[in-house]
J.: 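Quick one: this structure, given as structure tokens, is what I'll be asking you about.
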Number of protein chains: 2
Amino acid sequence: MSQPDTKQRILDAAERLFAKEGFHCSSLRGITREAEANIAAVHYHFGSKEALIEAVFERRLQQLNPLRIRQMENVREVARQGGRRPKVEEILRAFVEPTFRFRDSEPGTRHFVTLVGRVLAEPDDRIRGIFVRRMMPIFLFTLELLEEALPELPRPTLFWRLHFTIGAVSHILQMDAKFQNFVQFPEGIQVPNNLDSLLAFLLTFLTAGLEAQNA
Amino acid sequence: MSQPDTKQRILDAAERLFAKEGFHCSSLRGITREAEANIAAVHYHFGSKEALIEAVFERRLQQLNPLRIRQMENVREVARQGGRRPKVEEILRAFVEPTFRFRDSEPGTRHFVTLVGRVLAEPDDRIRGIFVRRMMPIFLFTLELLEEALPELPRPTLFWRLHFTIGAVSHILQMDAKFQNFVQFPEGIQVPNNLDSLLAFLLTFLTAGLEAQNA
DNA sequence: ACCCCATTAAAACAAACGTTTGAATTTCTT
DNA sequence: AAGAAATTCAAACGTTTGTTTTAATGGGGT
């Protein structure tokens with residue numbers, strides 16, 4: 001190969017632009033220009049624009065989702081061996097923390113996380129479906145664990161609360177890079193320079209919401 | 001005018017298609033075809049595609065936002081006259097309930113609410129800005145009331161929790177019409193046919209999250 | 001009847017889109 | 001070194017996009 005892996009460079013550029021401008025507003029010409037590749041290379045290596053974003057998701061999720069599942073299985077195992085229920089905060093942490101850590105693990109993963117935050121609001125069913133299909137096992141596993149943690153709450157209640165959780169998380173993930181121009185910050189509010197404090201805020205909020213007892 | 005108000009028909013069609021397919025994927029040709037109007041009518045009546053979506057937001061928000069503000073002012077006033085703090089649930093209800101009720105008030109408003117749910121995840125800063133600019137007073141007013149309700153919590157904490165709230169709300173609003181194909185429902189989970197029960201679920205979740213005391 | 005002005009209509013604009021083609025080039029295999 | 005396979009390249013494909021232009025239409029006031 002002439003240059004170090006055109007395929008990877010296209011994936012990197014696509015990941016960045018899909019996150020920045022959305023799927024339909026990112027052009028293959030813009031992506032290949034950034035990747036310093038020919039426009040035909042996309043169809044040669046991937047087949048179509050849709051197959052390209054599928055490959056973008058595949059590359060990262062096959063790394064990230066096992067991390068999540070392992071952490072969630074660990075939560076369940078430790079609880080069982082301790083003869084207690086899993087804690088809601090442990091479950092939520094297993095659900096979102098890997099994503100936050102993943103974000104700063106390599107250059108590029110930061111853009112992927114932004115893309116994940118956006119894709120649930122993607123109007124195109126086909127594109128959103130590519131992501132949702134791959135996340136469904138995680139959602140169902142999380143729901144399962146929450147039922148173990150909160151057996152006194154009805155299943156539909158937990159289902160909807162998990163959806164509220166997903167909404168809050170994806171909204172925060174997507175804001176990420178563009179905190180500055182997303183909202184005008186009231187005086188005295190600072191953007192946390194590391195995401196750890198934001199993660200702590202988030203887990204406190206979500207845990208309380210999920211554990212709410214009335215209604 | 002030959003037909004009853006081309007301008008309104010264009011607004012209706014644009015509202016519906018922007019909600020369904022997003023801003024950039026909706027073409028002016030599709031919109032004018034649905035509105036049974038000529039393409040040039042958009043530029044004649046509005047000036048540009050961007051000015052069109054601005055008009056779509058303007059038409060509904062000038063009706064909806066005063067409702068919200070009035071209800072929030074009422075929450076503050078009743079609390080003051082009762083010599084107590086406003087309750088978090090009252091504040092949140094004033095923030096989201098008008099939108100839920102607005103949804104079923106007229107034909108078309110349902111599409112608008114879906115559009116609102118989508119637009120916060122819109123990648124295009126200009127388009128998202130059109131909406132955010134108009135909502136900023138509401139956000140700040142809500143934050144103000146939350147400070148009155150929870151004076152023991154630091155301002156940044158409340159700020160982030162309000163953002164988590166906005167994420168959860170917009171995620172639910174956007175799911176709305178497409179519950180069926182958005183996620184695959186686990187067995188036994190039903191879509192609520194009226195939004196009242198969903199609103200109750202939502203308020204319980206958010207209230208608990210906002211009132212969480214640790215961290 | 002006339003003119004005026006708001007509105008509609010059809011057609012064309014240049015630009016950008018995803019995709020395809022076929023030949024040139026590089027890389028690997030023998 | 002020679003042939004085969006993989007990859008890159010420039011160019012063009014036919015559509016579609018938002019926007020503009022120019023002409024036609026239609027009703028209300030004088």
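In what follows, chains carry the letters A, B, and so on, assigned in the order in which the sequence lines appear, proteins first and then strands, with residues in each chain numbered from 1.
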J.: Apply the test side chain to side chain donor-acceptor pair (under 3.5 Å) to residues Arg68(A) and Thr142(A): give CA-CA distance (whole Å), side-chain angles for both, the deciding distance (0.1 Å), then the verdict.
T.: CA-CA 10 Å; Arg68(A) 260 195 280 245; Thr142(A) 308; over 6 Å; no
J.: Please report the distance, rounded to the nearest Å, between OH in Tyr44(A) and P in dA5(D).
T.: 12 Å
J.: Write down the distance between CG (Leu28(B)) and C1' (dT20(D)), rounded to a whole number of angstrom.
T.: 13 Å
J.: Let me know the distance between NZ of Lys7(B) and C1' of dT8(C), rounded to the nearest Å.
T.: 16 Å
J.: Touch check for Thr32(B), heavy atoms < 4.0 angstrom, all strands: base, sugar-phosphate only, or nothing?
T.: nothing
J.: Taking for each residue the nucleotide of DNA chain C with the nearest heavy atom, is it Ile39(B) or Ile39(A) whose nucleotide lies nearer the 5' end?
T.: Ile39(B)
J.: It should be established whether Thr6(A) places a side-chain nitrogen or oxygen under 4.0 Å from OP1 or OP2 of nucleotide dT7(D).
T.: no
J.: Please examine the side chains of Thr32(B) and Asn38(B), heavy atoms only from C-beta on, and report whether any two atoms are closer than 4.5 Å.
T.: no
J.: Work out which heavy atom in Leu145(B) is nearest to a heavy atom in Pro86(B); give both atom names and the distance.
T.: O-CG, 4.1 Å
J.: Mapping Gly30(A) and Gly47(A) to their closest nucleotides on DNA chain C, which lands nearer the 5' end?
T.: Gly30(A)
J.: In whole angstroms, how far is the C1' atom of dT8(D) from the NE2 atom of His45(A)?
T.: 8 Å
J.: Judged by modelled atom types alone, do Gln71(B) and Arg93(B) share a side-chain donor-acceptor pair under 3.5 Å?
T.: no
J.: Let me know the distance between CD1 of Ile10(B) and P of dT8(C), rounded to the nearest Å.
T.: 8 Å
J.: Indicate whether OP1 or OP2 belonging to dC17(C) is found under 4.0 Å from a side-chain N or O atom of Ser27(A).
T.: yes
J.: Taking any heavy-atom pair under 4.0 Å as a contact, classify Ala41(A): base, sugar-phosphate, or nothing.
T.: nothing
J.: Are any side-chain N or O atoms of Arg161(A) and backbone N or O atoms of Leu210(A), one a donor and one an acceptor, separated by less than 3.5 Å?
T.: yes
J.: Round to a whole Å and report the spacing from CD1 of Ile31(B) to C1' of dG18(D).
T.: 11 Å
J.: What integer distance in Å separates Arg29(A):CZ from dA12(D):C1'?
T.: 10 Å
J.: Tell me: CG of Asn38(B) to C1' of dT19(D), nearest whole Å?
T.: 12 Å
